Amino acid sequence: MNDTAATPSSSAAPPRHDFAAAEPRWQAEWERRGCFAVPDVPDGSKPKYYVLEMFPYPSGKIHMGHVRNYTLGDVVARYKRARGYLVMHPMGWDAFGLPAENAARERGIHPAKWTYENIANMRAELKRMGLSLDWSREFATCDVEYYGQQQSLFLDFLAAGLVERKESWVNWDPVDQTVLANEQVIDGRGWRSGALVEKKKLSQWFFSITKYAPELLDALKTLDRWPERVKTMQANWIGRSEGARVRFRLAEPVADLREVEVFTTRPDTLFGMSFLAVAAEHPLAAAVAARDAKAAEFIAECRRMGTSEAAIEQAEKRGYDTGLRVAHPFIEGASFPVWIANFVLMEYGTGAIFGCPAHDQRDLEFARKYGLPVRPVVLPPGADPKTFAIGEDAYVEDGTIFNSGFMDGLGVAAAKRAAIERLEATGQGKGEVTWRLRDWGVSRQRYWGCPIPVIHCDACGIVPVPKHQLPVALPEDVDFSKPGNPLDHHPTWKHVPCPRCARPARRETDTFDTFVDSSWYYARFCSPRAEVPVMHAAVDAWLPVDQYIGGIEHAILHLLYSRFFARAMKATGHLKIEEPFAGLFTQGMVTHESYRAADGSWLYPEEVEKRPDGTAVRVGTNEPVTVGRVEAMSKSKRNTVDPGAIIDRYGADTARWFILSDNPPDRDMEWTEAGVAGAYRFTQRLHRLVTAALPVLPPPGTPPAQDAANGPAKALRRATHRAIAAVTEALESFAFNVAVARIRELANAVAEAEAQAQAATSPDPALAAALREALETLTRLSGPMVPHLAEELWSLLRPGETRLVAELPWPEADPALLQAETVTLAVQVLGKLRATIEVPVDADEATIFALAEAQENVQRAIGGKPIRKRIHVPGRVVNLVV
RNA sequence: GCCCGCCUGGCGGAAUGGCAGACGCAGCGGACUUAAAAUCCGCAGCCCCUAGGGCGUGGGGGUUCGAGUCCCCCGGCGGGCACCA
């Protein structure tokens with residue numbers, strides 16, 4: 001060793017870690033040994049752990065968001081495996097959806113061909129990442145083996161009364177004659193035709209998720225490993241409201257309508273009523289429109305508003321006075337005008353509201369616009385009832401009811417009870433609980449989705465496809481040159497005999513919302529080749545998913561639908577669980593700077609060169625480039641970085657290490673070239689630390705000296721065991737960036753120890769043994785994050801060892817080495833740091849205070865004033881109050 | 001508009017209510033090198049009359065012996081809003 005050190009020029013540069021050769025080699029070795037394959041039905045010898053990341057949509061290439069998502073999951077999977085769990089970690093493809101149809105229309109590629117080619121590309125890219133996946137479980141939701149089973153599930157749900165057929169509104173493009181997704185509606189116009197979009201009513205299939213609203217809400221309490229904010233968002237989405245249903249009698253009937261029912265959460269403010277408003281889609285609005293052309297025109301305008309809640313709520317509040325009046329339930333002889341208003345949602349409550357402008361902001365804005373009265377009936381504490389008036393803001397807090405007859409003097413809560421009591425006593429209404437959650441409309445007028453397995457027969461009505469006729473497969477010969485749903489204008493596909501009466505009938509040509517596909521894939525992964533939707537022994541053993549990982553953008557819909565599906569599958573005898581995901585982690589997005597050329601066009605990062613003075617120019621032309629905001633990577637802004645190119649240049653381990661080290665995984669991370677380069681240097685440094693130490697290390701298996709005196713060996717052993725404890729804790733709490741920092745600290749300690757070993761005049765066996773322990777620990781702790789490098793280092797440290805890092809148990813920290821003999825205490829005077837003292841861990845308080853007060857700086861801060869109070873937080877701080 | 005988050009040095013971030021800035025990126029200085037790269041060592045929140053002190057976790061207030069952390073208000077940025085996935 002000394003020879004080498006003395007004559008560096010005589011030997012070649014230290015061997016660098018050749019990731020390009022090593023990574024595929026270790027991937028092949030894991031596969032050869034079947035390290036990550038698990039059986040559908042485990043034998044129970046180990047506890048199970050199911051790690052699942054949200055499966056990708058096969059857009060064609062993986063993006064950094066995927067790299068981040070799957071790296072996070074892989075760390076968990078590898079760590080849990082080391083902790084002795086049998087880990088299932090599958091991967092598949094969320095393969096139905098609009099982009100495939102867009103590709104078909106724009107480029108003439110068949111959606112199936114486009115999709116499966118994309119899957120092949122992306123599978124190859126994922127494999128290069130070295131993920132510990134059980135690829136034998138892979139499937140795509142567009143595989144007929146998958147969606148056929150989904151059709152079977154649908155038939156079970158239908159039989160169990162969990163499916164309904166109802167009318168609902170869709171965005172209709174009158175030029176393209178097509179239903180548009182909300183994202184295809186831009187500023188109220190169709191994205192391709194530019195035509196003003198209209199709302200159109202269609203008969204559609206719905207899953208009765210509202211039947212489970214109370215359960216879906218209550219069970220949130222049991223999800224103790226879900227982020228609070230996701231549970232809050234779901235609770236708000238389900239939206240339980242207590243209130244009252246109130247019947248308002250029309251002064252004169254319209255068509256056959258004699259009254260309007262309103263749901264309100266504020267029956268206490270009924271005396272502050274100034275108008276009643278119904279949604280444009282309300283039956284009363286239709287009845288008025290039948291005899292009032294201006295009303296019909298207003299309703300038609302509302303129909304041009306789009307169906308999204310954001311569009312409705314952000315639109316200017318507008319209304320139409322129908323001229324009708326309703327009687328007030330409590331005020332004898334009083335009547336109020338009936339309006340049609342664009343901000344009233346037909347889907348919520350009864351589609352009608354009573355307006356109390358003084359105590360509801362939207363009502364107030366509406367009343368101000370149309371000159372309707374504003375009568376306060378809730379008095380803020382301390383306000384004078386004679387002078388209290390509403391200005392710009394409605395008063396929505398608690399207070400004392402006034403101007404309200406029998407409710408005067410009550411608080412808001414008591415007044416609500418009193419109002420409901422009176423409504424019930426007089427037969428004009430009742431207390432009621434409503435939910436914001438609506439039934440889940442699953443019909444889509446599209447080709448590239450799972451066909452809904454029912455048949456429309458003129459004689460028998462709607463007839464489910466018998467199970468023995470499943471799957472209802474998509475036809476392959478479809479024509480995308482015409483607008484609309486290719487299934488609908490396919491020449492033969494939809495024409496089938498009725499299963500019941502055998503007369504000519506028509507297949508349903510709608511396909512399922514792709515959220516249906518992703519609502520049960522976690523269950524299918526347990527027995528992916530079963531000829532039933534799920535194999536009982538498999539799902540009972542593996543479910544629930546122990547750790548689910550994905551983007552926060554799915555916090556509501558996907559997760560709620562999946563929770564509903566688990567319940568529906570339980571009700572139909574497929575599952576025994578109700579909650580599919582015991583643990584949830586939501587990751588942040590991957591962001592990057594954006595760049596614009598002088599002409600305003602977006603540039604890819606590789607087209608931009610950063611100058612040392614901080615400016616940026618375009619590669620080749622040297623024209624100036626504007627460096628824009630850091631934002632989510634998107635194709636439209638071209639601020640994307642291709643994971644494949646990063647792996648080519650730096651290797652998968654470097655990409656994984658950087659993505660983990662940059663920041664906490666639930667926050668957005670910024671991808672930077674400098675950051676990747678830094679990660680790359682660290683992987684090389686680890687390799688160097690091991691190769692440089694090899695000549696001094698004792699043989700494999702040499703135990704570290706237990707009784708070493710305080711010195712470099714003991715210090716290194718402490719650092720090693722502190723690192724084990726810290727990294728373990730960080731991994732358990734998803735603080736992967738902290739785990740990285742602790743590993744780096746251990747690497748720094750190793751480097752220092754190596755320098756000491758090199759500098760020593762005579763070899764120190766204790767230090768050498770401690771070095772082996774430290775390097776082996778470093779290797780194993782970094783295994784979940786940089787798995788290929790860890791295997792490489794392990795094979796250098798333990799030539800002839802049969803087990804891979806992927807097969808080793810997790811290192812254990814020795815508690816004796818975690819204890820320090822002394823602690824450093826901060827000494828504060830009045831909360832301000834004035835000194836630090838070093839005391840034995842078992843020092844008594846009197847000694848500590850005496851030592852603290854003796855500090856020169858502390859004396860100066862005390863300035864001779866008497867000490868009123870002494871606070872000692874063991875191991876942390878002493879605070880003296882003077 | 002409504003619901004939910006986030007905000008700490010030049011940058012990413014760390015910190016059971018207890019020494020703010022661990023670890024890293026960028027930077028600066030040094031060693032090695034003919035030179036560069038790579039590597040190694042060191043410095044580093046801001047300000048000050050530099051012993052020492054003052055100010056600092058988006059802004060303002062509060063609770064506490066003590067607040068990045070808890071509470072209230074405000075600002076900025078982001079996610080979701082039911083047919084993007």
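This one's a predicted model, so the numbers in the text were calculated from it and none came from an experiment.
- One atom, CZ of A:Arg742, and another, P of B:G24, lie 11 Å apart when rounded to the nearest Å.
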Notebook entry, point to check: Which letters describe nucleotides 80-85 of chain B, given B = protein heavy atom under 4.0 Å from base, S = only from sugar-phosphate, - = neither?
Noted result: SBBBBB

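- Base engagement by A:Gln828 is indicated by at least one non-hydrogen atom pair under 4.0 Å involving a base atom.
- The cationic atom of A:Lys317 (NZ for Lys, CZ for Arg) does not lie both less than 6.0 Å from the six-membered ring centre of A:Phe366 and within 45° of the ring axis.
- In B:G54 the O4'-C1'-N dihedral to the base is more than 90° from 0, which defines an anti nucleotide.
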When you compare the protein's N or O atoms with those of nucleotides 40-49 of chain B, which come within less than 3.5 Å of each other, and at what distance?
from	atom 1	to	atom 2	distance (Å)
B:C40	OP1	A:Arg685	NE	3.1

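- Nucleic acid contact for A:Thr824: base, since at least one base atom lies under 4.0 Å from a heavy atom of the residue.
- We find that CD of A:Glu673 is positioned 18 Å from P of B:G12, with the value rounded to whole Å.
- Computed from coordinates, the A:Glu397 CD to B:C73 C1' distance equals 13 Å when rounded to whole Å.
- Rounded to the nearest 0.5 Å, atoms CD1 (A:Ile837) and CD (A:Glu853) are 10.0 Å apart.
- Residues A:Thr232 and A:Ala735 each lie close to RNA chain B; by heavy-atom proximity, the contact nearer the 5' end of the strand is made by A:Thr232.
- Under the salt bridge (Lys or Arg N to Asp or Glu O under 4.0 Å) criterion, A:Arg303 pairs with no residue at all, not counting sequence neighbours.
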Listing time: all N or O pairs from protein to nucleotides 26-28 of chain B that are below 3.5 Å?
from	atom 1	to	atom 2	distance (Å)
B:A26	OP1	A:Arg681	NH2	3.3
B:A26	OP2	A:Arg681	NH2	3.1

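- When the nearest nucleotides of RNA chain B are assigned to A:Val873 and A:Arg834 by heavy-atom distance, the more 5′-ward of the two goes with A:Val873.
- Nearest to the side-chain atoms of A:Lys869 among the listed nucleotides B:C19, B:C65, B:A22 stands B:C65.
- Among the nucleotides B:C65, B:C4, B:A14, the one closest to any side-chain atom of A:Arg229 is B:C4.
- Regarding A:Asp360, its CG atom lies at a distance of 12 Å from the C1' atom of B:G1, rounded to whole Å.
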Next item on the list: Show your reasoning for whether ring pair (Phe, Tyr, Trp, His ring centres under 6.0 Å) applies to A:Phe55 and A:Tyr521.
Entry: CA-CA 9 Å; A:Phe55 64 165; A:Tyr521 77 111; 3.7 Å; yes

Next item on the list: State the dot-bracket string of RNA chain B. Criteria: Watson-Crick or G-U wobble, both atom distances under 3.5 angstrom; notation: ( ) intrastrand, [ ] crossing earlier pairs, | interstrand, . unpaired.
Entry: (((((((..(((.....[....))).(((((.......))))).((((...))))..(((((..]....))))))))))))....

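- Rounding to whole angstrom units, CD of residue A:Gln234 and P of B:G5 are separated by 14 Å.
- Electrostatic pairing of A:Lys166 and A:Asp439 counts as a salt bridge here, judged by a charged N lying under 4.0 Å from a carboxylate O.
- For A:Asn737, the listed nucleotide lying nearest its side chain is B:A14; candidates were B:C23, B:A14, B:C65.
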Item checked: Residue pair A:Leu223, A:Lys231: steps toward the side-chain contact (heavy atoms from CB on, under 4.5 Å) verdict -> CA-CA 8 Å; A:Leu223 299 174; A:Lys231 290 191 278 186; 4.2 Å; yes

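- Counting non-hydrogen atoms under 4.0 angstrom, A:Pro227 reaches nothing in the nucleic acid.
- Of the candidate nucleotides B:G79, B:C19, B:G5, B:C19 has the atom nearest to the side chain of A:Leu833.
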Which pairs, protein N/O on one side and nucleotides 6-9 of chain B N/O on the other, fall under 3.5 Å?
from	atom 1	to	atom 2	distance (Å)
B:C7	OP1	A:Arg667	NH2	3.1

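- With a 6.0 Å cutoff to the six-membered ring centre and a 45° limit on the axis angle, A:Arg744 counts as a cation-pi contact of A:Phe682.
- Not a single donor-acceptor contact under 3.5 angstrom links the side-chain atoms of A:Asn236 to the base of B:C3.
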